[in-house]
Amino acid sequence: MKIAILSRNKKLYSTRRLVEACEQRGHEVHVIDTLRCYMNITSSKPEIHYKGDNLTGFDAVIPRIGASITFYGTAVVRQFEMMGVFAVNESVALSRSRDKLRSLQLLSRKGIGMPDTAFAHSPDDIQDMMRMVGGAPLVIKLLEGTQGIGVVLAETKKAAESVMEAFMGLKTNILQQEFIKEAGGADIRCLVVGEKVVASMMRQAPEGEFRSNLHRGGSAQLVKITPKERATAVKAAKVMGLNVAGVDLLRSERGPLVMEVNSSPGLEGIEKSTDKDVAGMIIEFIEKTAKPHRTRTKGKG
Ligand code: ADP
């Protein structure tokens, strides 16, 4: 097969591993810098050009789109879809998962467990909003944040009010969430590939920190997940329409709660802590699934 990996940097661990997995399995693979793709949209025959060449003959595209280029990246993936190329994660699902609020609304509609979450626009509504999520301590999150940046634990009502006022004053979008104390600074990352959890790890925050992100000094270890956790992760990826996803769960007294569904999950932490060939499993999924015009939305929407 001829496979494109949309990635800004060939040297990233995840990109390198996907290239390796393609080559090991006998495929032709091209790493394409998303921001250097340009598109002919006026033509009846959709095209993508790249550094002067017309990109043709691809069977599948693996989008690895960073949060900062979601808008342009999803447009490129949509163009591939219009050309009939199978996208491992389709453009509509990518946009959906990048919008934290939209994602939580979709997950809640399907009855998937999640921390109680509230969203408001006006500072006048802060008090009632805090009551909605059960009062302090509570977690405040910037909607645009990644890697734990802009996630704050407000331990008291006063602290929550000050942080909320500061964020709202900056005209940023924020949400408030019930603090899941019993998670103990740990979360579980489930790597879903084609309706299966193929690997899972537990990330533990360092002493004195509640955020378990590896970028924030968290450590990862292999974890055995329960059937309920497995089913929740698979369902969450499905609701988002993602074939490949990193689903983050918190272990709570009322069962697994989904925090986030990531559409370009990093492979380094999960492969190293589980010793699994996740990249190989993604390519295997493509081999089984990719057919021209197989993307469900075919670039619509
Ligand atoms: P990001 O998308 O920036 O990584 P997250 O929403 O995943 O932000 O939050 C970062 C970390 O903070 C999580 O991995 C988890 O350890 C912790 N965390 C987030 N929300 C909660 C919550 N409601 N209760 C307890 N811990 C939380």
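Quick note: residue numbers are just sequence positions, from 1. Note that the structure is a prediction, hence the values are computed from the model and not measured. Hydrogens, waters and symmetry mates play no part in the numbers below; they use all other heavy atoms, side chains included. Ligands are counted one by one from 1 in listed order, and the atoms in each one are counted from 1 as well.
When only non-hydrogen protein atoms are considered, atom 17 (C) of ligand 1 lies nearest to F210 O, 3.7 Å. G148 N, 3.4 Å is the protein heavy atom nearest to atom 1 (P) of ligand 1. For atom 8 (O) of ligand 1, the closest non-hydrogen atom on the protein side is V151 CG2, 3.5 Å. For atom 10 (C) of ligand 1, the closest non-hydrogen atom of the protein is N213 OD1, 3.2 Å. Protein heavy atom at the shortest distance from atom 12 (O) of ligand 1 is R211 CG, 3.3 Å.
Using a 4.0 Å cut-off between charged nitrogen and carboxylate oxygen, R17 and E271 count as a salt-bridge pair. We find that R254 and E178 are joined by a salt bridge, their nearest charged nitrogen and carboxylate oxygen being less than 4.0 Å apart. A salt bridge is absent between R16 and E20: the closest approach of a Lys/Arg side-chain nitrogen to an acidic carboxylate oxygen does not fall below 4.0 angstrom. The pair K51-D33 fails the salt-bridge criterion, with no side-chain N (NZ, NE, NH1 or NH2) lying under 4.0 Å from an Asp/Glu carboxylate O.
Contact annotation: for L153 versus ligand 1, there are no heavy atoms closer than 4.0 Å. At a 4.0 Å heavy-atom cut-off, ligand 1 does not touch E182 at all.
The N/O atoms of A186, backbone and side chain alike, include none that comes under 3.5 Å of an N/O atom in ligand 1. Inclusion of Q177 in the set of residues having an N or O under 3.5 Å from an N or O of ligand 1 is warranted. Below 3.5 Å of separation, one finds no N or O of D248 facing any N or O of ligand 1. Considering backbone and side-chain N/O of R203, none are found under 3.5 Å from N/O of ligand 1.
Less than 4.0 angstrom separates some heavy atom of L250 from each of these atoms of ligand 1: 21 (C), 22 (C), 24 (N), 25 (C). Annotation for ligand 1: atoms under 4.0 Å from non-hydrogen atoms of F179 are 24 (N), 25 (C).
Checked against the 6.0 Å centroid criterion, the rings of H30 and Y50 do not qualify as a close aromatic pair.
The shortest separation from a heavy atom of R216 to ligand 1 is not under 4.0 Å, leaving the residue out of contact.
For atom 24 (N) of ligand 1, the nearest non-hydrogen atom from the set I180, V152, L143 belongs to I180. Considering only non-hydrogen atoms, atom 6 (O) of ligand 1 lies nearest to K141 out of K141, M114, M259, E260.
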